[in-house]
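From a predicted model like this one, the values you see are computed outputs, not experimental measurements.
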Amino acid sequence: MSHGVVQEMVATALLGALNDAKKKGRLKTETWPALTLDAPKRPEWGELATTIAMSLAPSEEKNPHEIAEIIAEHLTETEQLFERVEIVRPGFLNLTIKPTLWHEVLREIDARGDAYGKADVGRGHRVIVEYVSANPTGPLHVGHGRGAAVGQAVARLLEAVGYDVTSEYYINDAGRQMKLLGASVYARYRELCGQPAEFPEEGYHGAYIGDVARRLKHKLDDETGSSDPAEIEARCRALAYGELLELIREDLASFGIEFQSWFSEESLLKSGAVEQALDDLQARGLLFEQEGALWFRSTTFGDEKDRVVKKQDGEYTYLASDIAYHRDKLRRGYDLLVDVWGADHHGYIPRMEAVMQAYGHPKERLRVVLVQLVKLLRAGVEVKMSKRTGSFVTMREVIDEVGADAAKFFFLMRDSRTHLDFDLELAKQRSADNPVYYVQYAHARIASLWRTAASRGIECPRPKETDIAPLTDPDELGLIRKLSVYPDILQTSASTFEPHRVTYYLQQLAALLHTFYNKHRILPPAGGQEHDEAGSAEELTPKRTAARLALMRGVQQVIRNGLTVLGISAPEQM
RNA sequence: GCGCCCGUAGCUCAGUUGGAUAGAGCGCCGGGCUUCGAACCCGUAGGUCGCAGGUUCAAUUCCUGCCGGGCGCACCA
């Protein structure tokens, strides 16, 4: 399914031809298969191609070539739409479009502006995208950075195609991790006070723990409060939690990411939501007791084994609060729940899908986007990280070193399910090797065109006020064709939850722009001297300049729209 | 052992949900700025798409089985 203006007009014409042919008894298929229009790989195959004749072959009981001929015969609007209609080998229908029709793309971009490419397939359905959701037990690291970039991009993509999107951070502020955090800070605190301290076995070793302890000591020194160890440890935990959550917020903010909602796990426990969620499952006959523990019968819905929700010691498992959390999201009325997880959690998918079904929803209502690990390199050499010793590279360090735009672009360059090599040296290079600058440069280059034009008193009218008929050069039409496909890219990217498609597209578009820019002149040379030299120097009339400026406006708009959806800035100059 | 993900140029990866002679960047080699931004462009080389079957008019794409790598299989989170 295509969504460009031109593609839609062509699809309509083709559909008309099919129906017309059927009316005349030349075709007999009951319902037409999906009509796809692709950009062929080779220029001699036209500009748009459809394989419809081939997919009709079985139901028509004819050979595809013959079917293609029938379709072509019934294509009544040939004169207005097509330069050429060709049938090739098995049954490809290769179409070459009239340049004037392609010009509609520029008018469409101009008319829609920042909204060009957006759609309404979501029809206002509500979706909640939950991402990052790191424990507030330390600063965010690179892996979280990738999750953040992917989550934000997915949220924006869904928004762009018409969903009503809420982004949420789930704070794991209950349970063992928090206790360990408190105990770790407490141990450091005692050390500072010169008291014997036992550092918890699996405690947090990062230097930030000591920092929190130091600040707590300052605070406590000014007070004459209780010296009860349990109380002090509790304060350690509370202070550490507060500071670390704030740190996470700040880090995300400087990465250009803000959540509409922060949801606390502990609030679920305190409000009794966890109990209610389990009661609800109990009422549905999906809980049972065994060996002193309470189990969720997730195998009913295809999970490979049943899962404990309440342990022998009476504590809830992590799954219990996750059940309550997802139930809460459903009760808040979201039609679609998107969870962005580290790929190492993929084993959780079946049990969460079971939760969906347990509450009477199709499992498709939950969509998990997996994000693989980032392998950090510096000039080709791996930067080793170890969580145990606390020697990992933080997201903050990466942003400070390479910048938020570059970091995001790299995080979004590859399918999120695959391992990512992230070379810090490459990411901060301001060179051709760096794809971020490559794309941004294309945008800035066009911006500088406006500045130059203004300084020379050349007008840059809107495409709708411009005669863009002079755009007939293959390079010009190639650029427009690329622009025409952006709505499709956006929609496929959104429906597959794969932002890297947009990143990749932008690189291709930028490449076409740079090639064009290098090969063709847009503004007349400065000083207005007669244009030069031998050969095929094309004549640069004011009309042509105006038409090309209109084209440039379209390219710039689409680059900006694409970067925006990825959460990356589109600079006017660099 | 079971499950999920990945295997495409020397390296890092795309591949439009099954289409035509499989693409890009990096790297190597060689070219291009007195004119709109050279953070750019142009050219050459590089492939049994992990292997073997199957479905199909058509398979890198779907199915099965192997091989190789990663991850997961807790009354941890």
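Taking atom CH2 on A:Trp295 and atom P on B:A74, their separation rounds to 10 Å, with Å as the unit. For the pair A:Tyr505 OH and B:G25 P, the interatomic distance rounds to 17 Å; values are reported in whole Å. Computed from coordinates, the A:Leu48 CG to B:U16 P distance equals 17 Å when rounded to whole Å. The nearest whole Å value for the distance from the CD1 atom in A:Ile446 to the P atom in B:A39 is 16 Å. The nearest whole Å value for the distance from the OH atom in A:Tyr441 to the P atom in B:C41 is 9 Å. One interatomic measurement links the two molecules: CG of A:Leu426 to P of B:G27, which rounds to 9 Å at whole-angstrom precision. In this structure, the CG atom of A:Asp415 is 7 Å from the P atom of B:C6, given to the nearest Å. A straight line from OH of A:Tyr170 to P of B:A77 spans 11 Å, rounded to a whole angstrom.
On the P atoms, B:G54 is 33 Å away from B:C13, given to the nearest whole Å. With both ends at atom C1', the span from B:C6 to B:G68 equals 11 Å, rounded to whole Å. Nucleotides B:U17 and B:U64 have their P atoms positioned 22 Å apart, rounded to a whole Å. A gap of 16 Å separates the C1' atoms of B:A45 and B:C11, to the nearest Å. Rounded to a whole angstrom, the distance from the P atom of B:G47 to that of B:C4 is 34 Å. Comparing the same atom, P, in B:A74 and in B:U12 gives a spacing of 33 Å after rounding to whole Å. Distance noted for atom C1' between B:C41 and B:U21: 27 Å (whole Å). If you take atom C1' in B:G1 and the same atom in B:G7, they sit 23 Å apart, rounded to whole Å.
At a threshold of 4.0 angstrom between heavy atoms, the contacts of A:Glu304 are confined to the sugar-phosphate backbone, with no base atom among them. Among the protein residues, A:His419 comes within range of the sugar-phosphate backbone only, with heavy atoms under 4.0 Å from sugar or phosphate atoms but none that close to a base. Counting non-hydrogen atoms under 4.0 angstrom, A:Asn135 reaches the backbone sugars and phosphates but no base. Among the atoms of the strands shown, none is found under 4.0 Å from any heavy atom of A:Asn172. Within the nucleic acid shown, A:Gln573 comes within 4.0 Å of at least one base atom, counting heavy atoms only. A:Ala442 comes within 4.0 angstrom of nothing in the nucleic acid, heavy atoms only. Within 4.0 Å of A:Ala293, counting heavy atoms only, lies at least one base atom of the nucleic acid. Using a 4.0 Å heavy-atom criterion, one finds that A:Arg414 contacts the bases of the nucleic acid, with or without backbone contacts as well. When heavy atoms are screened at a 4.0 angstrom cut-off, A:Ser495 is found touching no nucleic acid atom at all. If you check every strand for non-hydrogen atoms under 4.0 Å, A:Glu315 touches nothing. When heavy atoms are screened at a 4.0 angstrom cut-off, A:Lys305 is found touching the sugar-phosphate backbone but no base atom.
Considering only side-chain N and O atoms, A:Thr317 lies nowhere under 4.0 angstrom from the phosphate OP1 or OP2 of B:A77. For A:Thr452, no side-chain nitrogen or oxygen approaches OP1 or OP2 of B:C36 to under 4.0 Å. The side chain of A:His500 places no N or O atom within less than 4.0 Å of a non-bridging phosphate oxygen (OP1 or OP2) of B:U12. At least one side-chain nitrogen or oxygen of A:Arg445 sits closer than 4.0 Å to the OP1 or OP2 atom of B:A38.
The aromatic ring of A:Tyr438 is not stacked on the base of B:A39, since the criterion of ring centres less than 5.5 Å apart with planes inclined by under 30° is not met. We find that the ring of A:Tyr504 and the base of B:A24 do not stack by the test of centres under 5.5 angstrom and planes tilted less than 30°.
In a base pair of the Watson-Crick type (N1 to N3 plus N6-O4 or O6-N4) or a G-U wobble (N1-O2 and O6-N3), with each distance short of 3.5 Å, B:C2 is matched with B:G72. Nucleotide B:U35 has no partner under the Watson-Crick or G-U criteria, as no pair reaches both atom distances under 3.5 Å. In a base pair of the Watson-Crick type (N1 to N3 plus N6-O4 or O6-N4) or a G-U wobble (N1-O2 and O6-N3), with each distance short of 3.5 Å, B:A24 is matched with B:U12. Here B:G7 sits opposite B:C67 as a Watson-Crick or G-U wobble pair (both hydrogen-bonding atom distances under 3.5 Å).
Positionally, the nearest nucleotide of RNA chain B for A:Pro40 lies more toward the 5' end than for the other of A:Ile522 and A:Pro40. When each of A:Met413 and A:Arg89 is assigned the nucleotide of RNA chain B bearing its nearest heavy atom, the one mapping closer to the 5' terminus is A:Met413.
A salt bridge links A:Arg378 to A:Glu401: at least one charged side-chain nitrogen sits closer than 4.0 Å to a carboxylate oxygen.
Residue-to-nucleotide contacts include a donor-acceptor pair under 3.5 Å from the side chain of A:Asn94 to the base of B:A20. Donor-acceptor pairing under 3.5 Å, judged by distance alone, is present between the side chain of A:Arg42 and the base of B:U21. Between the side chain of A:His346 and the base of B:C71 there is at least one donor-acceptor pair of N/O atoms closer than 3.5 Å.
Under the 3.5 Å distance criterion, with hydrogens and angles disregarded, no donor-acceptor pair is assigned to the side chains of A:Glu476 and A:Trp102. Donor-acceptor pairing under 3.5 Å is lacking for the side chains of A:Ser416 and A:Gln372. In this model, no donor atom of one side chain and acceptor atom of the other lie less than 3.5 Å apart for A:Gln177 and A:Asn172. For the 3.5 Å distance criterion, the side chains of A:His65 and A:Arg89 fail to qualify, holding no donor opposite an acceptor.
The side chain of A:Arg521 approaches B:C36 more closely than any other nucleotide in the set B:C75, B:C36, B:A77.
When the options A:Asp423, A:Val402, A:Val436, A:Asn434 are evaluated for a side-chain contact (heavy atoms from CB on, under 4.5 Å) with A:Lys428, the one that passes is A:Val402. Among the candidates A:Arg481, A:Arg84, A:Lys41, the single residue satisfying the salt bridge (charged side-chain N to carboxylate O under 4.0 Å, His left out) test with A:Glu47 is A:Arg481.
For B:U64, the O4'-C1' to base torsion is more than 90° from 0; the nucleotide is therefore anti.
Both the sub-6.0 Å distance and the 45° axial angle are not jointly satisfied by A:Arg501 relative to the ring of A:Tyr504.
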Would you tabulate the pairs of protein nitrogen or oxygen atoms and nucleotide nitrogen or oxygen atoms of nucleotides 42-46 of chain B closer than 3.5 angstrom?
residue : atom : partner  : partner atom : Å
B:C42   : OP1  : A:Thr515 : OG1          : 3.0

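The environment of CD in A:Gln290 is crowded: more than 12 heavy-atom neighbours from other residues, nucleotides or ligands sit within 6.0 Å.
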Might you work through the salt bridge (charged side-chain N to carboxylate O under 4.0 Å, His left out) test for A:Asp339 and A:Arg367, ending with a clear yes or no? CA-CA 6 Å; A:Asp339 288 9; A:Arg367 175 69 186 230; over 6 Å; no
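Contact annotation: the side chain of A:Phe497 never approaches that of A:Val368 to less than 4.5 Å [non-hydrogen atoms, C-beta and beyond].
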